[in-house]
Undergrad: 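One structure, pasted below without further comment.
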Amino acid sequence: MEGTKLKVDRLTAYYGDNPAIREISLDFPERRVTAIIGPSGCGKSTFIRCLNRMHETGAHTRVEGKVLLDGEDIYDDDPVRVRRRIGMVFQRPNPFVTMSIYDNVSVALRFNGRHPREYVDQVVIRSLQQAALWDEVSDRVDAPATSLSGGQQQRLCIARALAAGPEVLLMDEPCSALDPLATSKIEELIGQLKQDYTVVIVTHNMQQAARVADFTAFIYLGGLVEFGPTEQLFERPKERLTEQYITGRFG
Amino acid sequence: MKFDHHARRKLFSHAIAVVTGLCVIAVLYPLFSIIYTAVIKGGAVLFQAGFLTDVPPNACSIVACKTVGIGPDIEGTFILVGLAACIAIPVGVLAAIFATEYRTRGFGRAISFTADVLTGAPSIIMGAFIFGYFVLYDPTIVYSAITGALALSAIMIPIITRTAEEALRTVPEATREAALALGISKWKATLRITLITALPGVATGALLAVMRAAGEAAPLLFTALGSNLPFQGFNQPTAALPLLIYNFALSPYSNQEKVAWGATLFLLVAILIANVATRYMIHRLSRRYAGM
């Protein structure tokens with residue numbers, strides 16, 4: 001079996017005094033897609049936001065436990081450096097409205113260091129290609145990002161995250177604001193991204209998890225119920241709770 | 001009985017329409033009256049040769065007062081307001097950034113509250129405060145461009161802080177998160193993304209503050225003081241349009257009174273042009289952000 005890229009060890013995250021997730025331990029295999037499923041409010045989003053230290057940007061938040069990236073705890077590192085290695089795509093497309101398509105994709109390169117123009121151009125083109133957006137925008141990369149459709153904007157956000165050069169890509173319900181056609185494009189894209197990246201995707205849509213993920217974790221009431229290969233989890237769940245959830249008896 | 005009710009209701013409705021209409025006139029009348037009077041009384045003066053460059057006239061009743069102008073006052077107003085803006089815009093915007101982006105809850109609210117109170121404070125108090133401070137600590141420059149600019153910046157800072165705060169709050173949280181999640185440091189994300197996104201609103205606030213300061217006489221009465229000479233240095237008394245208007249409007253000499261009208265028209269027109277030009281630029285900027 002493949003190596004573990006990201007290892008979560010007894011992770012607990014608080015809002016104020018209330019733990020939103022409790023004692024979750026989970027290994028994310030390298031260059032595979034792992035889906036996190038569970039009913040609304042179960043802590044999926046909180047969990048994924050702990051994996052690149054975005055949880056702590058909110059007020060009155062706290063995290064306990066470890067998240068090991070290649071064996072080293074990201075909570076011992078500088079959050080800015082962690083986020084350069086672990087990229088994130090959010091629920092709603094959030095391009096920078098003041099910037100062009102090109103500037104959006106190149107923003108991490110331009111703000112986080114100095115690079116020759118040719119290099120930045122290369123990365124922008126490669127990232128847009130990886131995000132399956134290049135063919136649609138190659139003739140207008142200087143147009144405002146807001147001139148794109150919702151689905152295109154989300155792929156732009158994926159390209160923007162990829163251009164920062166991450167090893168892990170976190171996706172927090174990336175299709176929840178998109179129509180079915182845009183959703184299928186993103187799902188297709190996720191399948192290609194795992195060749196180069198370790199992908200973690202939160203979704204409330206079980207069919208989506210079944211379609212895109214190699215592994216699936218089911219979270220309920222802030223705790224991990226079951227984790228395993230997607231096929232096994234959906235066809236032969238070990239836990240009664242998992243079976244009830246995937247057969248639609250609650251959630 | 002029924003008819004009576006109907007008639008009363010109609011009458012009342014008409015009465016309300018008339019009253020609100022009268023209130024509209026009461027709102028608009030002073031504005032148009034000011035513009036009309038300024039054009040009638042100052043129009044001819046404004047286009048006199050040398051009016052925008054010459055020094056103001058001495059008090060004289062009949063002859064030999066050829067040099068009639070507001071040159072030093074235009075220059076002085078630009079220097080005072082420019083210097084004040086150089087102080088007030090960075091201070092006001094950075095305070096707003098602290099209040100919204102680094103929300104150490106109670107303290108951020110305290111900044112908003114203080115700015116609110118200061119916005120309502122009489123502007124002459126600002127002048128008196130700066131005057132008093134320099135009388136105590138550096139009397140040599142009590143009457144100077146420096147103290148004048150400080151007094152004006154004291155008026156501008158709370159206006160800029162409040163408007164910039166409101167503008168920054170309209171930037172979606174998702175924008176800040178997107179920047180942080182890319183591994184962009186907090187200060188870069190704040191200055192180069194959040195602030196730029198809020199720029200139309202921030203610029204509007206700064207413009208409001210600049211125009212307010214350009215028309216203020218009270219805080220300059222015992223700071224910049226006024227002068228009939230071109231700019232003499234930052235540590236010297238400095239001319240300003242509102243001061244000239246204040247002094248000459250009270251003058252018994254008709255030549256000075258005329259100059260006051262010319263200066264009034266100039267100030268009105270300059271502020272109007274600055275207002276329209278900036279609004280146009282901000283409108284363009286907002287449209288570009290919206291992808292139009």
Side-chain angles (χ1 to χ4, degrees), chain A residues 48-49 51-60 77-101 103-113 143-149 153 156-157 160-166 169-172 177, chain B residues 93 97-112 164-165 167-204 206 281-292:
Chain A
I48 199 171
R49 289 169 62 88
L51 302 184
N52 68 341
R53 300 191 58 174
M54 285 300 289
H55 177 65
E56 67 200 54
T57 61
H60 306 295
D77 200 350
D78 175 41
V80 168
R81 201 154 47 206
V82 168
R83 292 176 199 139
R84 290 180 190 181
R85 295 182 64 189
I86 306 178
M88 190 165 205
V89 176
F90 295 84
Q91 277 190 34
R92 295 186 159 276
N94 54 1
F96 298 126
V97 296
T98 60
M99 298 182 194
S100 67
I101 294 168
D103 286 347
N104 261 280
V105 180
S106 60
V107 66
L109 285 179
R110 289 183 294 121
F111 284 16
N112 294 347
T146 42
S147 65
L148 299 175
S149 72
Q153 286 187 16
L156 178 70
C157 292
R160 182 177 66 184
L162 296 179
L169 191 62
L170 308 177
M171 306 179 104
D172 186 2
Chain B
V93 171
I97 285 176
F98 185 86
T100 58
E101 308 302 307
Y102 296 84
R103 57 209 104 172
T104 44
R105 300 209 158 220
F107 201 53
R109 257 206 303 268
I111 293 172
S112 311
E165 251 185 87
L168 287 166
R169 277 190 225 286
T170 63
V171 177
E173 205 49 44
T175 301
R176 295 180 179 83
E177 288 199 329
L180 291 179
L182 287 167
I184 295 171
S185 56
K186 172 98 180 177
W187 70 269
K188 266 189 201 168
T190 301
L191 289 185
R192 296 183 65 176
I193 291 172
T194 312
L195 183 60
I196 299 293
T197 308
L199 200 58
V202 174
T204 307
M281 271 164 50
I282 290 166
H283 179 69
R284 287 274 305 271
L285 204 62
S286 310
R287 281 173 63 92
R288 213 180 73 201
Y289 287 5
M292 287 189 275

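Chain identifiers are assigned alphabetically (A, B, ...) following the order of the sequence lines, protein sequences preceding nucleic acid strands; residue numbering begins at 1 within each chain. Given the structure is predicted, the values throughout are model-derived calculations rather than measurements.
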Undergrad: Taking non-hydrogen atoms and a cut-off under 4.5 angstrom, which of residues 195-202 of chain B neighbour chain A?
TA: B:I196, B:T197

Undergrad: Is B:A189 in contact with chain A via its backbone, its side chain, both, or neither, using a 4.5 Å heavy-atom distance?
TA: neither

Undergrad: Of the listed residues (A:R53, A:M54, A:R81), which shares the most heavy-atom pairs with chain B below a 4.5 Å separation?
TA: A:M54

Undergrad: For A:I86, which atoms come within 4.5 Å of any heavy atom of chain B: side chain, backbone, both, or neither?
TA: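 A:I86 touches chain B through backbone heavy atoms alone.
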
Undergrad: Given B:L180, which of A:V80, A:N52, A:T57 fulfils the side chain to side chain contact (heavy atoms under 4.5 Å, CB included) condition?
TA: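 Of the listed residues A:V80, A:N52, A:T57, the side chain to side chain contact (heavy atoms under 4.5 Å, CB included) partner of B:L180 is A:T57.
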
Undergrad: Should the heavy atoms of other residues, nucleotides or ligands under 6.0 Å from CZ of A:R110 be counted, would the total exceed 12?
TA: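 Atom CZ in A:R110 is crowded, with more than 12 foreign heavy atoms closer than 6.0 Å.
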
Undergrad: How many angstroms lie between atom CZ of B:R192 and atom CE of A:M99, to the nearest 0.5 angstrom?
TA: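 Reported value, rounded in 0.5 Å steps: 8.0 Å.
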
Undergrad: Between B:A178 and A:F90, which heavy-atom pair has the shortest distance, and what is it?
TA: CA-CE1, 3.9 Å

Undergrad: Measuring from B:L182:CG to A:R84:CZ, what's the distance to the nearest 0.5 Å?
TA: 10.0 Å

Undergrad: Which residues in residues 167-175 of chain B have any heavy atom lying under 4.5 Å from a heavy atom of chain A?
TA: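 Result: B:A174, B:T175.
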
Undergrad: Do A:F111 and B:I193 have side chains that get closer than 4.5 Å, going by heavy atoms?
TA: yes

